[in-house]
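Within every chain, numbering begins at 1; the chains are lettered A, B, ... in the order of the sequence lines, protein sequences first and strands thereafter.
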Number of protein chains: 2
Amino acid sequence: MPTKDAFAIGALSEETGVNIETIRYYERIGLLRKAARSAAGYRLYRAGDVARLCFVRRARDLGFSLEDVRRLLALADRESRSCEGAKEIAEAHLEEVRAKLVDLRQMERVLAATVKACGRGAVPDCPLLGSLGRLT
Amino acid sequence: MPTKDAFAIGALSEETGVNIETIRYYERIGLLRKAARSAAGYRLYRAGDVARLCFVRRARDLGFSLEDVRRLLALADRESRSCEGAKEIAEAHLEEVRAKLVDLRQMERVLAATVKACGRGAVPDCPLLGSLGRLT
DNA sequence: GTACAGCCTGTAGCGACTACAGACTCAACA
DNA sequence: TGTTGAGTCTGTAGTCGCTACAGGCTGTAC
């Protein structure tokens, strides 16, 4: 490590909870800037990179797509850090999340009811299989 | 079409609501048996295939993986069609669905709160971007 | 005969990773 | 100084469940 305050990808991974392979992947697709390199070719990171990657991780935890994260990062890089843009992205994403919730809740209801109707094993004509359809 | 009661992939797709490409995909991965062929090489289907594919579609609608669907199909093909096996598959899947629900609900809560805290556009220091983290 | 829809195969792309293989580097210890 | 073992590198391929072509054949209607 030639410079002070610089650390390798393993440390960044530890620090952020993001998989090493995933960090390299993010760099490859241009979500993260290309890291500086040591003489031997090791990627070198600094505190700022930790902050950036934590930002990415939190956004991912909220379910934002990598494309959204890319845009959010760009917005956060602007001086003003105003709500402009960011709010629209979040609102659109919130819509999707709510739509998925509706679907999942429906699945949950049907599955729970079907499982409940199921016997202990020996019962013929399983209601679960029946609900999926007769195979002729 | 050499035989009566046989129809081509387009009709099967219409009948079941499953995309043509998806049907071919299911056949390729062995989820559906290889279809009979006309002299010219067209796939030929019958009523039984409609039932089978509807079964698959319903299971997919409930969020079962293709691997689960494969197992459920095998269970449904057995004479007894007992609950044995099927119930375990469904219960495991229900667990996953519930876990996803927990995650999604959490996302929804955080997102909704953050969006609500967001201003109309000109406000600096957007709380949404702030909640994701400061970039140094 | 000539459109045109429908079907065929094979391949590649999506999103967001994950998992190697095979080679190099670095730090610690004997 | 040599050696071990952990860490890192690149490049490629696999995952899941489709979807979208390209380029060619077939079937039907006019």
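A straight line from CD of B:Glu27 to C1' of D:dG17 spans 17 Å, rounded to a whole angstrom. Between B:Tyr25 atom OH and D:dG17 atom P there is a gap of 6 Å when expressed in whole angstrom units. Atom-to-atom, CD of A:Glu21 to C1' of D:dG7 comes out at 12 Å; the value is rounded to the nearest Å. If you take CZ of B:Arg43 and P of C:dC7, they are 10 Å apart, rounded to a whole angstrom. Atom-to-atom, CG of B:Leu44 to P of D:dT26 comes out at 15 Å; the value is rounded to the nearest Å. B:Arg57 has its CZ atom 12 Å from the P atom of D:dC18, to the nearest Å. Between A:Asp61 atom CG and C:dA16 atom C1' there is a gap of 14 Å when expressed in whole angstrom units. For the pair A:Glu67 CD and C:dC17 P, the computed distance is 13 Å after rounding to whole Å.
Taking for each of B:Gly10 and B:Arg28 the nucleotide of DNA chain C with the nearest heavy atom, the 5'-most of the two is the partner of B:Gly10. Residue A:Thr22 is the one, among A:Gly41 and A:Thr22, whose nearest nucleotide of DNA chain C lies closer to the 5' end (criterion: closest heavy atom). Mapping B:Ala40 and A:Ile20 onto DNA chain D via the closest heavy atom, the residue that lands nearer the 5' end is A:Ile20.
Screening B:Val50, B:Ile23, B:Leu53 against B:Tyr45 for a side chain to side chain contact (heavy atoms under 4.5 Å, CB included) leaves a single residue, B:Ile23.
The side chain of B:Arg24 approaches C:dC7 more closely than any other nucleotide in the set D:dC9, C:dC7, D:dC18. Taking only side-chain atoms of B:Arg60, from C-beta outward, the nucleotide of D:dC18, D:dG27, C:dA16 with the closest atom is D:dC18.
Among the heavy atoms of the strands lying under 4.0 Å from B:Tyr26 are primed sugar atoms or P, OP1, OP2 only; no base atom is included.
You won't find any donor-acceptor pair under 3.5 Å spanning the side chain of B:Tyr42 and the base of D:dG27, going by distance alone.
Salt bridge absent: B:Glu27 and B:Arg24 never bring a charged side-chain N and a carboxylate O closer than 4.0 Å. One finds a salt bridge joining B:Arg52 and B:Asp77 here, because a Lys/Arg side-chain nitrogen approaches an Asp/Glu carboxylate oxygen to under 4.0 Å.
Considering CG of A:Leu111 and CG of A:Leu128, their distance stands at 7.5 Å, rounded to 0.5 Å. The structure places CZ of A:Arg28 at 10.0 Å from OG1 of A:Thr22, a figure rounded to the nearest 0.5 Å.
The side chain of B:Asn19 contributes an N or O atom lying less than 4.0 Å from OP1 or OP2 of D:dT19.
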